[in-house]
Amino acid sequence: LRPMRKTFTFLLLNFILFFNYLNAQSFNPFQGLKPASDNEIEYCEQVEFFEYSPKVFQEIMEMPTQSLQISAVIQGLKLKLILKPNNFINPAYFLSTDKQALVLSNTKSRFFTGTAENYPNSMVVLNFFEDELSGIISLGNGNIVIGKLGNDPTSRKHVIYNDINLKANNPFECHLEELPQNLEKMAQDILVEPAQKTDHCKKIAHYFECDYHMYQTRGSSVSSCENFVLGMFNVISTLLEREGVYTEVSQIKVWTSQD
């Protein structure tokens, strides 16, 4: 009787996984993707453009499913992205400025994280906002970067490129891998083990400030600064979660005057 029970449990789990796979919503937000002309973008090669349609955002907001599949040809690669929501915003999260203690936050957003099918060590992060789509697709050979071109709030033109094709060297160096002992200790001190994670796990809350320079470069838009920070944090939280460290955003403050 016991072997039959184990077999039944195994079949039931596989059925649930298969059912979830079939019910994952599938669509392509990169419709109309086209390559840039030779002289259109000077700082990078093999750049692609697309228009972020309002219909795409509407579909994302109306999707009831907890999983998402995106099939598209990006940078010459036929990709299938398997994504799940990333809920890293504290329930008491709020947005403020140097002039207002509480600003109406951009609640119309969806954050996803996951992998690319057939790329076992891949990482995919996508951020859907009302007028902007951003993210990173890391497949092991550079990072495919997705973002809005320029800071014109009325423009929906977006760009996709691989950062290995940038004509200038990226000066950023990530030393996260040099801190495995610290990350392990943090996980042991304030978290349960990743395999035992539940919705009640403790999370490290983060507070961010956007300086006046960022405010200016983001089109003097508070919501644009908020989008940038939340989109960036989706990447950070995804990386840290893979190390067993769980994080969330509790507040963002934007300086709209010289700080």
Side-chain angles (χ1 to χ4, degrees), residues 52 54 56-66 68 83-114 125-136 146-148 150-156 158 176 183 186-187 189-192 197-259:
Y52 179 49
V56 168
F57 181 74
Q58 182 179 353
E59 289 179 2
I60 281 287
M61 296 299 292
E62 293 175 352
M63 282 183 181
T65 181
Q66 291 297 305
L68 179 67
L83 306 171
K84 64 176 183 178
N86 191 10
N87 302 313
F88 56 82
I89 298 180
N90 187 289
Y93 163 82
F94 67 97
L95 175 68
S96 64
T97 71
D98 53 316
K99 298 183 178 72
Q100 289 180 270
L102 183 63
V103 179
L104 184 62
S105 173
N106 179 14
T107 56
K108 294 183 178 181
S109 55
R110 289 289 185 272
F111 305 96
F112 291 89
T113 182
V125 172
L126 289 180
N127 314 300
F128 292 87
F129 302 103
E130 193 166 9
D131 60 353
E132 183 178 356
L133 169 59
S134 64
I136 290 178
I146 304 163
K148 190 173 184 177
N151 293 312
D152 182 356
T154 63
S155 174
R156 289 191 167 270
H158 282 59
L176 185 63
L183 289 172
M186 289 171 66
D189 288 347
I190 63 175
L191 307 167
V192 298
K197 179 179 179 290
T198 69
D199 291 338
H200 302 291
C201 280
K202 295 180 181 178
K203 292 185 177 182
I204 305 172
H206 292 266
Y207 162 81
F208 289 93
E209 286 195 14
C210 303
D211 63 13
Y212 183 56
H213 176 70
M214 177 186 286
Y215 174 72
Q216 289 181 305
T217 57
R218 299 292 298 181
S220 297
S221 168
V222 173
S223 63
S224 180
C225 290
E226 182 189 29
N227 290 354
F228 177 81
V229 173
L230 293 178
M232 172 194 67
F233 196 80
N234 193 9
V235 179
I236 294 172
S237 65
T238 299
L239 288 170
L240 290 177
E241 185 171 333
R242 292 187 174 196
E243 300 292 337
V245 179
Y246 302 94
T247 56
E248 62 186 8
V249 176
S250 60
Q251 180 187 353
I252 297 174
K253 180 177 182 179
V254 181
W255 288 86
T256 60
S257 57
Q258 191 66 46
D259 49 306

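Along the sequence shown, residues are numbered consecutively beginning with 1.
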> F111 and F233: side chain to side chain contact (heavy atoms under 4.5 Å, CB included), yes or no, with the steps?
Replying inline: CA-CA 10 Å; F111 305 96; F233 196 80; over 6 Å; no
>> Taking ring pair (Phe, Tyr, Trp, His ring centres under 6.0 Å) as the definition, give me every residue that meets it alongside F228, ordered by chain and number, with sequence neighbours left out.
In response: none
>> Under a 3.5 Å distance rule, please check whether K148 uses its side chain to pair with a backbone N or O of S155 as donor and acceptor.
In response: yes
>> Holding to salt bridge (Lys or Arg N to Asp or Glu O under 4.0 Å), I want the full list of residues that pass it with R156, two or more places apart in sequence or in another chain.
In response: none
> Any side-chain donor-acceptor pair under 3.5 Å between N227 and S134?
Replying inline: no
>> For a quick test of reading the model, state the closest non-hydrogen atom pair linking T247 to F88 and the distance between them.
In response: O-CB, 3.9 Å
> What distance separates L239 CG from E243 CD, expressed to the nearest 0.5 Å?
Replying inline: 8.5 Å
> Where do L126 and I146 come nearest, in terms of heavy atoms and distance?
Replying inline: CD2-CD1, 3.8 Å
>> Using the rule given for side chain to side chain contact (heavy atoms under 4.5 Å, CB included), can you reason through R110 versus F57, listing the C-alpha separation, both sets of side-chain angles and the distance that settles it, and then say yes or no?
In response: CA-CA 9 Å; R110 289 289 185 272; F57 181 74; 5.7 Å; no
>> If you compare all heavy atoms of S250 against all heavy atoms of N90, which two are closest, and at what distance to 0.1 Å?
In response: CA-CB, 4.0 Å
>> Treating D98 as the side-chain partner and W255 as the backbone partner, does any N or O pair qualify as donor plus acceptor under 3.5 Å?
In response: no
> If you take all heavy atoms of I60 and F112, which pair is closest and at what distance?
Replying inline: CD1-CE1, 4.3 Å
>> Ignoring hydrogens, what is the shortest heavy-atom contact between S96 and A101? Give both atom names and the distance.
In response: CB-O, 3.2 Å
> Where is the tightest heavy-atom contact between V103 and T97, given as atom of each residue plus distance?
Replying inline: CG2-CG2, 3.6 Å
>> Any donor-acceptor pair under 3.5 Å linking the side-chain atoms of T113 with those of N234?
In response: no
